[in-house]
Every structure is written in C-alpha cells, then in structure tokens.
Number of protein chains: 2
Amino acid sequence: MANELIFAALADPTRRRVFEQLAARPSSVTALARTLPVSRPAVSQHLKVLSDAGLVTVRAEGTRRIYRAAPDQLADLRDWLDRMWSNALNAFAEAAEKERQK
Amino acid sequence: MANELIFAALADPTRRRVFEQLAARPSSVTALARTLPVSRPAVSQHLKVLSDAGLVTVRAEGTRRIYRAAPDQLADLRDWLDRMWSNALNAFAEAAEKERQK
DNA sequence: GCTTACGGTAAGTCATGGCTAACGAATTGA
DNA sequence: TCAATTCGTTAGCCATGACTTACCGTAAGC
C-alpha cells in the first residue's frame, strides 16, 4: 500500500509538529527549527521524510528553501480512515443482527 | 494531544493489519496470529497497544477473548486530518492572494 | 483431577530511527 | 574575493520498540 510512507511520516510527534506548522504557513528550515526543541539538521531530516511521503513541497528562494504542506496526499489517509470506519460499522451491524436472531 | 496514542498505535504496519482484520470481523488472538507472519505473543502485545489507544475492545468468551474494532476513536484522527486540510488550503489561498496583489 | 487450548506477561535480542556534532556546497552582500 | 548565512549530508550514539522463547494462570472437556 502506498500509505506506508504517509503513516510512517506522521508517526513521529516532532514530524507532525513540523507538518502542522507548515499547514499553518510556509516556512524556511531555520525558522522551523527556531520554534522546535530540536536542532536544524533534525528538522532537515524530518523534512526529507515528509517530502518523500509527498506531504510537503519545496521552493528555493535565494539561499533559503521554503517548505509548504501539500494536502493532496492526505486524501489517501482519509480514504483508509473511511474504509476502516465503514468496515467496523458493518461488522458491528452484523454482530447485532446475529444477536437479534437468537 | 490525546491523538498521540492513536498515531503511535497505527504507525506500525503489523498493527494496522491487525486493526484492519478486526474492522472486517471480530476475532480471537490465535485466529489473528494464524493469518499474520508473527507469533501469538506478538499479536497479543499489539492488541494491548491498540486497546490502550481505545481502538479495540475485548469480550471474554469462554477461554477465548474476542477482539473488535472500536471505530469511535478514529474520529479524533479524522478531526486532525480535516484541520490540517483546511489549514493547508487557507495557507495556499493566502499565498495566491499575495501573489495576485503584486 | 488431568489434560488441553487460549492468552497475557517477562526476559532478552536485535533492528530501526531520531538526535547532535561536524563538514561541505551554494547564494548573498560588502 | 571574502565573509556570513542557509541547508543538506554524514557519522556515530543511544533510546525505543517489535519480536521470539519460555513461563504461568485460567477455562473447558475427557
């Protein structure tokens, strides 16, 4: 499943904070690192993971690199979520039906 | 954020497979282990994590314990998803607006 | 009671990955 | 050209966690 990269990317709390900040507003690597309790290289590595998962995009601006959240990939996550939801509800309905037939 | 347990629980691929199977149909621990490439204790440990996250519920049935998916907790995940989505879209719209004003 | 199936827990191993420190490349401005 | 800023990358350390083997408690069937 192609979702694997997305799940892995969003699994780490620090990485989620990076993504949440980028969803609020595009930002450079150093600006992100200033607001987080980790070093700049750490942020850079997290951004690589997010980028490989297609969750962020980059745009060079002079010597700085502006990262942005790319919400499209979240659609896969939503699809998985909806599928699980309806499956679970169906299973529950079936169980209730069996129960009723007794 | 209370989502932390949910993200952590769904981060592992094996654990997601366990949850997906339970979403399709309730099952015992041994039955789950038979369909997965890991041992029964491993499944048991995964179920504990899923249970702590509120993603599954248990029901004792004789000597067996039947696990079921509990879709309610997925709502938190959906909320986070929707928030990220709209934030990213807003940020994109603002950027487009600034671009247009030039 | 004795055995058998089921399942949680403990102990220990091993791979994964998140982090920092250090270095190198590229752009900007003096 | 030289210094300063911004980033990516690498090496290495260390904590986390996924897994198996072994063990113990418990409920059902002979």
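Note on naming: letters A, B, ... go to the chains in the order of the sequence lines (proteins, then strands), and numbering restarts at 1 for each one. Quick note: numbers below take in every heavy atom, side chains included, and nothing from hydrogens, waters or symmetry partners.
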Exercise for the section: Give the rounded distance in Å between these two atoms: CD of A/Gln45 and P of D/dG12. Expected result: 15 Å

Practice task
Give the nucleotide from the list D/dG8, C/dC19, C/dT9 with an atom nearest to the side chain of A/Ser44.
Solution key: D/dG8

Problem - Results of side chain to side chain contact (heavy atoms under 4.5 Å, CB included) for A/Ser86 - residues two or more places apart only - result: none

Completion exercise
From the candidates D/dT20, C/dT20, D/dA18, the one with an atom nearest any side-chain atom of B/Arg15 is D/dA18

Problem - Results of side chain to side chain contact (heavy atoms under 4.5 Å, CB included) for B/Ala42 - residues two or more places apart only - result: B/Val38, B/Ser39

Problem - Residues which pass salt bridge (Lys or Arg N to Asp or Glu O under 4.0 Å) with B/Asp72, listed by chain and number, not counting sequence neighbours - result: none

Using atom names, set out every protein N or O paired with an N or O of nucleotides 2-6 of chain C below 3.5 Å, distance rounded to 0.1 Å.
unit_1, atom_1, unit_2, atom_2, d
C/dC6, O4', B/Thr63, OG1, 3.0

Problem - Toward the 5' end of DNA chain C, by each residue's nearest nucleotide, A/Gly62 or A/Thr14 - result: A/Thr14

Fill in the blank from the handout: The nucleotide from C/dT9, D/dG8, D/dT20 with an atom nearest the side chain of B/Val38 is D/dT20

Problem - Candidate nucleotides D/dG8, D/dT20, C/dC19, ranked by approach to the side chain of A/His46 - the nearest - result: C/dC19

Fill in the blank from the handout: Between A/Pro37 and B/Pro41, whichever has its closest DNA chain C nucleotide further toward 5' is B/Pro41

Problem - Side-chain donor-acceptor contact under 3.5 Å, A/Gln21 with A/Thr35 - result: yes

Problem - Partner residues of A/Ala75 under the side chain to side chain contact (heavy atoms under 4.5 Å, CB included) criterion, sequence neighbours left out - result: B/Trp85

Exercise for the section: Look at the side-chain N and O atoms of A/Tyr67 and state whether any lies under 4.0 Å from the OP1 or OP2 oxygen of D/dT6. Expected result: no

Completion exercise
Residue pairs meeting side chain to side chain donor-acceptor pair (under 3.5 Å), one or both in residues 40-50 of chain A, sequence neighbours left out, come to A/Arg15-A/His46, A/Lys48-A/Asp52

